[in-house]
Each structure stands twice: as structure tokens, then as C-alpha cells.
Visitor: 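My questions will all concern the structure given below.
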2 protein chains.
Amino acid sequence: MTPARILFVEDDVNLGFVIRDTLENVPFRVTHCTTGPEAWEAFQAGSFDVCLLDVMLPQSDGFTLARQIRSVNTLIPILFLSALANKEDRLQGLRLGADDYLTKPFSIEELILKINVFLRRTVIQQPQLPTTDFALHRQNLTLTINSQVQHLTHREVAVLAYLLDRPNTLVRRDELLRAVWGDDDYFMGRSLDVFISRLRKRLTQIPAIRIDNVHGVGFILRR
Amino acid sequence: MTPARILFVEDDVNLGFVIRDTLENVPFRVTHCTTGPEAWEAFQAGSFDVCLLDVMLPQSDGFTLARQIRSVNTLIPILFLSALANKEDRLQGLRLGADDYLTKPFSIEELILKINVFLRRTVIQQPQLPTTDFALHRQNLTLTINSQVQHLTHREVAVLAYLLDRPNTLVRRDELLRAVWGDDDYFMGRSLDVFISRLRKRLTQIPAIRIDNVHGVGFILRR
DNA sequence: TAACGTTTGTTAACGAGTTGTTAATGGAGC
DNA sequence: GCTCCATTAACAACTCGTTAACAAACGTTA
């Protein structure tokens, strides 16, 4: 069997090297990143079986990264590594959809055992047959679908990003309005409807992703 | 969805009661044992989705029990609860095939989150014969029966949820009306009948669940 | 049992409110 | 001026709780 692929994010260079080295001897195939954005790039570019995220990272923290990863992959095991034994942080990590939360110092053997727990339990990733490629580039304000690039406006990105971060979840109108517009009144509500309409038009090329309305409550982005 | 079934082994009566009570409120269906042999009996007799084992037990310890369980079931998630923060014990538990090892004191919320991690990752046991899957998702306003998703309205969810929370119990018309409509008069009563009718239609695909009328009094959801 | 009033089942129709969609408006930046 | 884009307007389409209407079931009384 080919070794499992691990996305390992740890900004402490020394600790990172030691862990990486040990994991590679198991053997696992390890991709080591030191910042959130770098890891997010790597995650999108590559294909992994497990994510190992340090919570404290320069630029964007591990929780943000986990949320990004979960928004596109609800299945991959995510294990947090943290220097914080803080209970609230542990809970937050788990609530975000993490699978475990190891507090430093942990023994490497324990880490390996834990990784194997989740490898054992995870359904093998199907190569996703008709994978229409789909990516919202929030910085560039572009949406790529099947290599076709569309240019969005800020508001469009804001609304779509908010929904994409919460796939298959009912997002209430007022929640969405407050998040994107900062407040909600009748006209903002109508504005929102206009944007939903525009986004739907943009998404018509991928039937796998759609925005459903729940009458009187809000919207669900399904994917 | 019917609640997951948990085999919970803990010899401390007070702590055991508290945890059991909390878990049942999630809800999970909890079978609480206080000794290893008793738990082994229960495991063989029943059918469970998760095992929660205290390490320190009278007669035979949690490790022995875990080994017994693993010998007949390699799939079921086993979580250890232990007063020992001892690293060697943690490792031993994991080596035995446990999935996690929580050291006391742990927060109950963390325990629940961890249980859900493994429920999510475990292939569903197909125990009972024609187990039609059935789930009312109150947030998303959806009802899933045999993988078929139906979209309900608020009122439908409110009525069905109220009945589902009191299965096999006579729910009086005025009680239901007051709970869902806030008040009861003649027309609300007729409205209720309309909703019962609609819900029955939605439930036709699952004969195991039905709503019976008790003339002049109210309804009983049987399952 | 027959008759009758009450309760319940079921379907359809109504109407207030919500959402979908397109176009017009107007402000900001150039 | 022009361009871009969020907002507002306008109207069409839809949703869904309620009400109406009638049929069926029930329970009581004679």
C-alpha cells in the first residue's frame, strides 16, 4: 500500500522537522507547510488523507484553515496540535469539525496511533468521477468553473463565500444580511435576493452546487 | 434518526449517573454498567454504536473489556475514560485498538463531540431487518426517509417534532395547539387536522411510524 | 339498529407575504 | 462625460397557513 499523505502545518521549524521526520519513517508521505495560506494552497493543489494543523500560526490561524478545508471537504480527518491546553480551544476545534485535538507536549507515538485511528475509519476518497472543477478565488474576485473564469463583484464574493463556508447548512436571512451588509432592513433583504439570483445564474454550469431557498428563513447552499 | 446506542461502563455511581443523564439528553440511548463482566454481558446481548469504558473497574479492568470487545467487533468505536493522565496508559489504550482516551476531568461537551466524531466516521451498523432510516432535521426543515429527502414547512416541522418528542404518548389536541399555535380555537383545530393529514401522507413510506387519532382527545405518534 | 350531532380526514381554494427576476436609478471613481 | 455596481422599483411567480367544503368515522341516544 502506498503511504498515506499528510498535510502537516506547523510554524515552529525545529519541532516541525522532528515530527515530519518521524512521520516519514512510519512511513507517511508528509507535506509540511509553515503558514495558513501556504497550507491552503497546498491543500487545494494536492490530495491528502489526513490534516495535522498547528493552532497557532502566523497570518491565519489553524481554526481558519480548518474552516476552509471543511468548506470543501467534510470528510478528511483534521487533527489539531496545540500548545494551548485551554478547554475552550479544544471545544472550538472539535465544533469546527476537527477529529481530535492533541495538546503539546504529546508523544509522537500517540500522534501516530491517532493518525492511524482516523485512516482506519475514513472511507477511501473516491477519485470523484465527474469532478467539475470549482473554485472561488476570494482575493481575485473570480469564480472558476470548468476552467471558465467569471469575474464577480465584492458583494457577490461576500455572499457566495459566506454560503460556501457553510455548505448544506441553513443560513438565515438576517444572519447573512448582518454578515455581509452589517445590518438588515427591508431593502437590504431585496438586495440580497438580487444577489442570490445573480449567483444562481453564475452557478448554472455546475448542477452539483445550488442555492435553495427555505421560505421565510433563508438559504442553503447544497453541494 | 434513532439515537445512537452507547455502552457506558463506569463504576463511580455518582459520576456515572451524571454522564448518563447528560448523554441521554443529547439524545443517545445509554446502557450503563458498573463492572466489566456486566458490560461484557450487555455488549453481547445488545447492539451498540459506541463504547465508553472507564479504565479502572472492579473485577476486570477496561483494557480487558476492550480486548474482549475488539475480539468480536473490530469496528465499533471505543473511547476510554480515565483518571490516569499517565502517558503509558494512554498509549496502551490506543494500541489495544481504542479510538480515543479522555482523561478526567474532561468536559462533557468534549465527550459528546468526540462521540459524534466517531459516529460520523463509523460505517452504519445494519442491525434490525428492514431498518428504514428516518430523520427529521429540524434546522434544515427536512425529513429523510430511506435516503429520500422531503422539504417541510415550519408548521409541519413543529407539529411533527412535538409528536416525535412524545412517541407512543397521547398528545391532547389543545396541548398540541397551544404548543404550536400558541392558542386554540375552532379554526386552529381544523388547521391542525390539515397538518396531520399532510404529515400522514409524508409518512406513508415508513409504515413503522404512524399518527393515530383518539377521538375527541388528540393524537398518538406510534413508532 | 337507526338517526343524529360531533369530530376527523381530505382536498381544494384563497390571500398575505415572500421570493425571483429584470430593469431603472443613482452614487462613486475615473 | 463614462463605467461600474449596489440599490431600488416593479411586477411576476411562488409558498404556505388558513379557511371552506364535503365526506367519512365516531359516539350517543332512542
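In what follows, every chain begins at residue 1, and chains take the letters A, B, ... in the order their sequences are listed.
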Visitor: Any donor-acceptor pair under 3.5 Å between the side chain of Arg173(B) and the base of dT6(C)?
Guide: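 Side chain to base: no pair below 3.5 Å.
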Visitor: Considering every strand and a 4.0 Å limit on heavy-atom distances, what is the contact class for Arg200(A): base, sugar-phosphate, or nothing?
Guide: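 Touches sugar-phosphate only.
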Visitor: Hey, can you tell me if Trp181(B) and Phe195(B) have their rings parallel, tilted or perpendicular (30° and 60° cut-offs)?
Guide: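 Taking Phe195(B) first and then Trp181(B), their aromatic rings stand perpendicular (interplane angle over 60°).
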Visitor: Which one, dT7(D), dG17(D), dT19(D), comes nearest to the side chain of Phe195(A)?
Guide: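 Within the option list, the nearest is dT7(D).
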Visitor: Hey, does Ser191(B) reach any base, or is it just sugar-phosphate, or nothing, if we go heavy atoms under 4.0 Å?
Guide: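 Base contact.
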Visitor: To the nearest Å, give me how far apart CG (Asp185(B)) and C1' (dT18(D)) are.
Guide: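 Taking atom C1' of dT18(D) as the reference, CG of Asp185(B) is at 11 Å.
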Visitor: May I have the distance from Leu192(A) (atom CG) to dT18(C) (atom P), rounded to whole angstrom?
Guide: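 About 14 Å, once rounded to whole Å.
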Visitor: What nucleic acid atoms does Asn213(B) come within less than 4.0 Å of, heavy atoms only: base, sugar-phosphate, or nothing?
Guide: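 Result for Asn213(B) = sugar-phosphate.
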Visitor: So that I can tick it off, tell me whether Arg223(B) and Asp212(B) are bridged by a salt bridge, with the cut-off set at under 4.0 angstrom between side-chain N and carboxylate O.
Guide: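 No, this pair does not count.
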Visitor: Picking from dC5(D), dG17(C), dG9(C), which would you name as closest to the side chain of Asp193(B)?
Guide: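 Of dC5(D), dG17(C), dG9(C), dG9(C) is nearest to the side chain of Asp193(B).
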Visitor: Judged by atom type as modelled, is there a donor-acceptor pair below 3.5 Å linking the side chain of Gln150(B) to the main-chain atoms of Arg202(B)?
Guide: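 A pair under 3.5 Å: yes.
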Visitor: Contact class for Arg155(B) vs. all strands (heavy atom < 4.0 Å): base, sugar-phosphate, or nothing?
Guide: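 Sugar-phosphate contact only - Arg155(B) comes under 4.0 Å of backbone atoms but never of a base.
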Visitor: Rounded to the nearest Å, what distance is computed from the CZ atom of residue Arg172(A) to the P atom of nucleotide dT18(C)?
Guide: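 Computing the Arg172(A):CZ to dT18(C):P distance gives 13 Å.
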Visitor: Is the terminal nitrogen or CZ of Arg190(A) (NZ for Lys, CZ for Arg) located under 6.0 angstrom from the six-membered ring centre of Phe187(A) and within 45° of that ring's axis?
Guide: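 Pair Arg190(A)/Phe187(A) does not count as cation-pi.
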Visitor: Counting heavy atoms from C-beta on, name the nucleotide in dT10(C), dA6(D), dG17(D) closest to the side chain of Ser197(B).
Guide: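 The answer is dT10(C), which lies nearest to the side chain.
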Visitor: Write down the distance between CE (Met188(A)) and P (dT8(D)), rounded to a whole number of angstrom.
Guide: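 Rounding to the nearest Å, CE of Met188(A) and P of dT8(D) are 8 Å apart.
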Visitor: What is the distance, rounded to the nearest whole Å, between atom CZ of Phe187(B) and atom P of dT7(C)?
Guide: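 Rounded to whole Å, this separation is 14 Å.
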Visitor: Calculate the interatomic distance between Tyr186(A) atom OH and dT8(D) atom P; express it in whole Å.
Guide: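 Taking OH of Tyr186(A) and P of dT8(D), I get 11 Å after rounding.
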Visitor: Of the nucleotides dT11(C), dT22(C), dA6(D), which one has an atom closest to the side chain of Lys201(A)?
Guide: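 Nearest to the side chain of Lys201(A) among the choices is dT22(C).
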Visitor: Look at all strands and tell whether Phe219(A) reaches a base, only sugar-phosphate, or nothing, counting heavy atoms closer than 4.0 Å.
Guide: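 Sugar-phosphate only.
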Visitor: For dT18(D), does either OP1 or OP2 sit under 4.0 Å from a side-chain N or O belonging to Trp181(B)?
Guide: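 Yes, because at least one side-chain N or O of Trp181(B) sits under 4.0 Å from OP1 or OP2 of dT18(D).
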Visitor: Roughly how far, to the nearest 0.5 Å, is the CG atom of Leu111(B) from the CD1 atom of Ile6(B)?
Guide: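 Between Ile6(B) CD1 and Leu111(B) CG, I get 7.5 Å after rounding to 0.5 Å.
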Visitor: Could you tell me how far apart Asp184(A) (CG) and dT18(C) (C1') are, to the nearest whole angstrom?
Guide: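 Between C1' of dT18(C) and CG of Asp184(A): 15 Å.
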Visitor: How many whole angstroms separate atom CZ of Arg198(A) from atom P of dT8(D)?
Guide: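 For the pair Arg198(A) CZ and dT8(D) P, the rounded distance is 13 Å.
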Visitor: Under the 6.0 Å and 45° cation-pi test, does Arg67(A) pair with Phe63(A)?
Guide: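 That pair does not qualify as a cation-pi contact.
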Visitor: Could one point to a donor on the side chain of Arg190(B) or the base of dG17(D) with an acceptor on the other under 3.5 Å away?
Guide: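 It does not, because no donor-acceptor pair links the side chain of Arg190(B) to the base of dG17(D) below 3.5 Å.
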Visitor: Counting side-chain heavy atoms from CB outward, which of dC16(D), dT18(D), dG27(D) is closest to Thr153(B)?
Guide: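 Looking only at heavy atoms from C-beta outward on Thr153(B), the closest nucleotide is dC16(D).
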